[in-house]
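Here is the structure we will look at.
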Amino acid sequence: MSRQLPDTKGYFGQFGGMFVPETLVAALQALAAEYARARTDARFRDALRYYLTEYAGRPTPLYRADNLAKELGIRRVYLKREDLLHTGAHKINNCLGQILLAKRMHKTRVIAETGAGQHGVATATVAALFGMRCVVFMGAEDIERQKLNVFRMKLLGAQVVPVTSGSRTLKDAINEAMRDWVTNVATTFYIFGTVAGPHPYPLIVRDFQAVIGQESRRQLLRREKRLPDYLVACVGGGSNAMGMFYPFFRDRSVRFIGVEAGGEGLASGRHAATLCRGRMGVLHGAKSFVLEDAFGQIKATHSISAGLDYPGVGPEHAYYQLSRRAQYVSVTDKQALEAVQMLSRTEGIIPALESAHALAYLKKMPARKKKDALMVVCVSGRGDKDMPTVMKAMHYEQD
Ligand SMILES: *Cc1c(COP(=O)(O)O)cnc(C)c1O
């Protein structure tokens, strides 16, 4: 039963665990112990609820998208509007939870890794709110590509540290953040951005994002008096998808579909579809699926959406895949780009490129499956941040 997963050692079946240097084992165990106390502490839960409501803007609407349903031949589809949250995506749910944990543990400094900069911005935001020092590690390559988010973080008072090792992207930023944590563990809390990493992060992040599925469940039961047939969400590290899926784990009639970044197509090798194409391996402190080459080196990934461009995935998703609780599929850059335009025109909602992957799968899904289906799709974030990328991909020129 999933309520007991992960087990006390942080395993979801054979996936998960704590593959870290010895100096971090004690820190992770202390974090797991403190979190176990916090999750049953009414004061902690009240404080989190307060900030989610009054600061971040929860609950988010569950919007019945009839124009989209008509366009795609789906009986009924609802959109969970995480794009309407403060900072524009679901990441703030997790950051508020973790900064409250940092406060409980009397830490004065927080660190984070970031790829596209979304998790860095959410972390810098909560650090400003709680008056903590904040350092964000970011690949030098990503800093170049995401200038606007780098400036946002600095405006919020964070220090952005360029990482020049390896491929100079997200996976190297995580390694560097871990290194910093080893050195400064007494004062520092590591705010991890997704349901990957060593135990207890996959558990903590899942629980903080589960508010997405809990609200969706309540909202849908009120509107439709029944549970959905399908839940659809994009999967990078897997936090918005797990947040949506987990509260429905025991409802076997509810099918889960996770959509990965197919990039230029799975056959091209230029993608980030870890569950569709990866194999079992250890990355960033946990056993899960990873994308690696014939020599066991982590592969360079590609996706038009920076938030999905990660060669690993959370261990609970690997467990869902192997036990067939969820199905994982992929869509290409081109299909995601079309989905941005489709949702914009049919519903007047411009989604993030990440979220557009989930929406694109609705179009690919066989007609016989969707014509009688009640679906919920997670719109994990808004598209504003992606406009330069979308403009370029559409070959838009100002006249
Ligand atoms: C970061 C991000 C994602 C991918 O992260 P998950 O942990 O897989 O949810 C998806 N959508 C948006 C808008 C993001 O910012």
Side-chain angles (χ1 to χ4, degrees), residues 60 79-95 98 112-123 125 138 142 146 148-149 152 170 173-174 191-197 201-202 204-213 231-246 256-261 272-275 284 288-289 301 303-318 320 326 328 330-331 336 339-340 343 349-360 377-387 389-390:
T60 59
L79 304 179
K80 185 56 173 163
R81 298 290 311 275
E82 295 299 291
D83 59 311
L84 293 176
L85 287 172
H86 180 44
T87 68
H90 66 293
K91 293 207 166 69
I92 193 82
N93 301 326
N94 172 46
C95 288
Q98 290 199 43
E113 80 293 343
T114 198
Q118 295 303 108
H119 176 58
V121 169
T123 301
T125 299
M138 189 168 184
D142 291 331
Q146 307 286 340
L148 211 53
N149 274 340
R152 282 193 185 106
L170 176 59
I174 296 179
I191 299 189
F192 198 78
T194 188
V195 287
Y201 285 108
I204 290 178
V205 180
R206 174 194 76 193
D207 286 359
F208 289 148
Q209 293 294 1
V211 66
I212 301 172
L231 298 174
V232 186
C234 66
V235 176
S239 69
N240 85 92
M242 193 50 70
M244 177 61 95
F245 296 168
Y246 180 68
F256 304 162
I257 299 179
V259 187
E260 295 193 306
T274 311
L275 289 163
H284 298 137
S288 183
F289 272 64
T301 50
S303 170
I304 191 170
S305 95
L308 302 183
D309 203 351
Y310 176 58
V313 68
E316 196 164 8
H317 283 291
Y320 279 18
Y328 296 90
S330 71
V331 305
V340 168
L343 193 69
I349 298 168
I350 302 177
L353 274 167
E354 291 84 1
S355 322
H357 282 71
L359 295 156
V377 183
C378 187
V379 181
S380 53
R382 65 175 183 230
D384 306 44
K385 69 181 176 61
D386 295 321
M387 287 306 99
T389 310
V390 173

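Both ligands and their constituent atoms are indexed starting at 1 by order of listing.
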Start with the C-alpha gap between Y246 and Y320, add the side-chain angles, then the distance that decides, and say whether side-chain contact (heavy atoms from CB on, under 4.5 Å) holds.
CA-CA 10 Å; Y246 180 68; Y320 279 18; 3.7 Å; yes
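The single protein non-hydrogen atom nearest to atom 12 (C) of ligand 1 is S380 OG, 3.5 Å, given as residue, atom name and distance.
Between N240 and ligand 1, a contact under 3.5 Å exists for at least one N or O pair. Below 3.5 Å of separation, one finds no N or O of L308 facing any N or O of ligand 1. The shortest N or O to N or O distance between S239 and ligand 1 is under 3.5 Å. Close N/O approach between G238 and ligand 1 is found [any backbone or side-chain N/O within under 3.5 Å].
Among residues two or more places apart in sequence or in another chain, the side-chain contact (heavy atoms from CB on, under 4.5 Å) test is passed with T60 by R58, K80, E82, L85, E215. Looking at residues two or more places apart in sequence or on another chain, you find a salt bridge (Lys or Arg N to Asp or Glu O under 4.0 Å) between E354 and K385.
Taking a cut-off of under 4.0 Å to the non-hydrogen atoms of G381, the atoms of ligand 1 that pass are 13 (C). Distances below 4.0 Å separate heavy atoms of C234 from the following atoms of ligand 1: 10 (C). Using a 4.0 Å cut-off to heavy atoms of G236, the atoms of ligand 1 that qualify are 8 (O).
No side-chain heavy atom of E316 sits under 4.5 Å from any side-chain heavy atom of P202. Looking at L275 and E260, their side chains come closer than 4.5 Å, going by heavy atoms from C-beta outward.
The closest heavy-atom contact to atom 2 (C) of ligand 1, among the options K91, Q118, R382, H317, comes from K91. Considering A122, G88, G307 only, the shortest heavy-atom separation from atom 4 (C) of ligand 1 involves G307.
Shown here is I349, whose CD1 atom has more than 12 heavy atoms of other residues, nucleotides or ligands within 6.0 Å.
In this pair, Y328 and H317 present their aromatic rings perpendicular. The plane angle is above 60°, beyond the 30 to 60° band.
Under 3.5 Å, the side chains of Q209 and N240 contain no donor-acceptor pair of N or O atoms.
For the ligand labelled ligand 1, residue H90 lies inside the 4.0 Å heavy-atom shell.
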